[in-house]
Amino acid sequence: MIDPSSIELHQFLAAWYGPPLSQGVTTSREYLALPEPLQGWHALEARWPQPLVRNKKLLTPGEMAIKGGKVVFMTDPGDALWGFDPIRPDTVYEGRLYGEWKRLTETLAEFLVHNAINEAASNAPHTKSCESVKNEHVNQIISPLTEVAFGEWHWPRPGHRLFMSDKVIADVGPAMEDHEPWGDKPGYSEVQVGATNASALTYLEDVPDTEWY
């Protein structure tokens, strides 16, 4: 297992997306009211020309709002929400627009590292994905990688795990049934793999019964 605390965000982002174009940015006053880990993330992300969070949306301070006593700081295109407790801002909660908040085991700083790795699996320079990989073939996909000991999320559904090496990240979780009630598809996983170069993904061509996109 990789200890998440061993992942230094700036080094990871530079290795994954290339060196930042800016050496630093001036933090505007509105961001100074945010918890320190969020201040740090916004300042760090601003150094790259491309957005580093694309599957979800990290809100600006002006877009944040209170819901159920939590400050919503991130959303996804569906109805997922993430918030922190204004009294204990290091705590992170996951929820849905019309659901209850669920507290995550990760601190806000740990969550932001988790989110950066999760996003990189989809936003890497080179990616492959398959919504229905037979579970018997998953070990072949993750064998060159090491699992990162992140806390569990409920998004996009419980059971997702992240594996990585210096060139590859794989997000592996239960496949979804193609009919209501959209439960887990028995015997299958969905896999999203990202890499810093195309050659790092060639080993996936040997995984049988799998059509990559």
Side-chain angles (χ1 to χ4, degrees), residues 1-2 4 7 9 12-19 45 48-58 74-82 94 96-97 111-213:
M1 284 277 197
I2 297 173
I7 301 172
L9 259 182
F12 168 77
L13 295 173
W16 212 253
Y17 300 106
E45 184 181 34
W48 274 265
Q50 73 273 36
L52 306 182
V53 178
R54 300 179 190 175
N55 294 333
K56 315 175 198 73
K57 181 182 180 182
L58 270 168
M74 189 169 75
T75 63
D76 81 346
D79 65 349
L81 306 169
W82 291 265
E94 187 179 8
R96 299 284 176 174
L97 188 59
F111 174 87
L112 292 170
V113 174
H114 188 165
N115 191 57
I117 306 294
N118 170 268
E119 288 280 337
S122 300
N123 302 331
H126 305 275
T127 61
K128 286 185 180 292
S129 64
C130 180
E131 294 181 349
S132 294
V133 177
K134 291 182 178 178
N135 285 344
E136 63 199 75
H137 301 320
V138 169
N139 281 342
Q140 185 175 346
I141 296 169
I142 64 174
S143 60
L145 314 175
T146 303
E147 185 171 2
V148 190
F150 287 126
E152 185 175 9
W153 291 357
H154 306 283
W155 181 95
R157 57 180 52 228
H160 274 255
R161 300 154 68 194
L162 283 166
F163 302 81
M164 65 184 298
S165 67
D166 59 340
K167 296 181 180 179
V168 177
I169 294 173
D171 183 327
V172 180
M176 185 172 65
E177 291 180 329
D178 55 5
H179 54 79
E180 292 187 17
W182 315 114
D184 293 347
K185 184 177 180 180
Y188 288 85
S189 295
E190 67 173 18
V191 178
Q192 174 69 47
V193 188
T196 54
N197 61 74
S199 62
L201 298 179
T202 55
Y203 81 100
L204 296 176
E205 297 169 4
D206 297 327
V207 179
D209 309 319
T210 304
E211 186 174 0
W212 295 104
Y213 295 92

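Note that these values count all heavy atoms, side chains included, but never hydrogens, waters or copies made by symmetry.
- Across Val168, Val172, Leu145, Ile169, a single residue satisfies side-chain contact (heavy atoms from CB on, under 4.5 Å) together with Val193, and that is Val168.
- Annotation: Lys56, atom NZ; neighbour count of heavy atoms from other residues, nucleotides and ligands within 6.0 Å is above 12.
- Taking the six-membered ring where the residue is Trp, His114 and Phe150 present parallel rings, their angle staying beneath 30° rather than reaching 60°.
- Between Ile117 atom CD1 and Leu13 atom CG the span is 8.0 Å, to the nearest 0.5 Å.
- In this structure, Met164 CE and Asp166 CG are separated by 8.5 Å, a value rounded to the nearest 0.5 Å.
- Listed for the Thr210 side chain is a donor-acceptor partner under 3.5 Å among the backbone atoms of Pro208.
- When every heavy atom of Pro156 is checked against every heavy atom of Glu190, the shortest pair comes out as CG-OE2, 4.3 Å.
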- Could you walk me through whether Gln50 and Asn123 pass the side chain to side chain contact (heavy atoms under 4.5 Å, CB included) test, one step at a time? CA-CA 10 Å; Gln50 73 273 36; Asn123 302 331; over 6 Å; no

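- Residue Glu131 qualifies as open at atom CD: its count of foreign heavy atoms under 6.0 Å is 12 or below.
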- Begin with the C-alpha distance, continue with both residues' side-chain angles, and end with the deciding distance and a verdict on side chain to side chain contact (heavy atoms under 4.5 Å, CB included) for Tyr203 and Ile141. CA-CA 8 Å; Tyr203 81 100; Ile141 296 169; 4.2 Å; yes

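- The shortest distance between side-chain heavy atoms of Leu204 and Val191 does not fall below 4.5 Å.
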- Please report the C-alpha distance between Asp76 and Asn55 in whole Å, then the side-chain angles of each, then the deciding distance to 0.1 Å, and finally whether the side chain to side chain contact (heavy atoms under 4.5 Å, CB included) criterion is met. CA-CA 7 Å; Asp76 81 346; Asn55 294 333; over 6 Å; no

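- Considering only heavy atoms from C-beta on, Lys57 stays 4.5 Å or farther from Pro77 through its side chain.
- Applying the side-chain contact (heavy atoms from CB on, under 4.5 Å) criterion to His126, with sequence neighbours excluded, gives Ala198, Leu201.
- A distance of 12.5 Å separates CD1 of Ile142 from OG of Ser165, quoted to the nearest 0.5 Å.
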- Message: Does Trp153 form a side chain to side chain contact (heavy atoms under 4.5 Å, CB included) with Glu94? I'd like the steps, not just the answer.
- Response: CA-CA 8 Å; Trp153 291 357; Glu94 187 179 8; 4.0 Å; yes

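- Glu152 approaches Pro158 most closely through the heavy-atom pair OE2-CB, 3.6 Å.
- Shortest non-hydrogen contact noted between Trp82 and Thr75 is CZ3-C, 3.7 Å.
- For the pair Ser122 and Thr127, the tightest heavy-atom approach, listed with the atom from each and the gap, is O-CG2, 3.5 Å.
- In this structure, Pro4 and Ala149 approach most closely via the heavy-atom pair CG-O, 3.4 Å.
- Atom CH2 of residue Trp182 and atom CD of residue Glu177 lie 9.5 Å apart, to the nearest 0.5 angstrom.
- Atom-to-atom distance recorded for Asp171:CG and Phe163:CZ is 9.5 Å, nearest 0.5 angstrom.
- Between Tyr188 and Lys134 the shortest side-chain heavy-atom distance falls below 4.5 Å.
- If you take CD on Gln140 and CG on Asp206, they are separated by 6.5 Å, rounding to the nearest 0.5 Å.
- A donor-acceptor pair is defined here as one N or O able to donate and one able to accept, closer than 3.5 Å; no such pair exists between the side chain of Trp155 and the backbone of Ala80.
- The backbone N or O of Cys130 lies less than 3.5 Å from no partner atom in the side chain of Glu211, so there is not a single donor-acceptor pair.
- What you find for Arg54 and Glu119 is that their closest heavy atoms are N-OE1, 2.8 Å.
- Looking only at distances, a side-chain donor or acceptor of Trp48 sits under 3.5 Å from a matching main-chain atom of Gly18.
- Looking at His160 and Asn118, their side chains never come closer than 4.5 Å, going by heavy atoms from C-beta outward.
- Taking the six-membered ring for Trp and thresholds of 30 and 60 degrees, Phe12 and Trp16 have nearly parallel ring planes, at less than 30 degrees apart.
- Proximity of a side-chain donor or acceptor of Glu45 to a complementary backbone N or O of Leu52 within less than 3.5 Å is detected.
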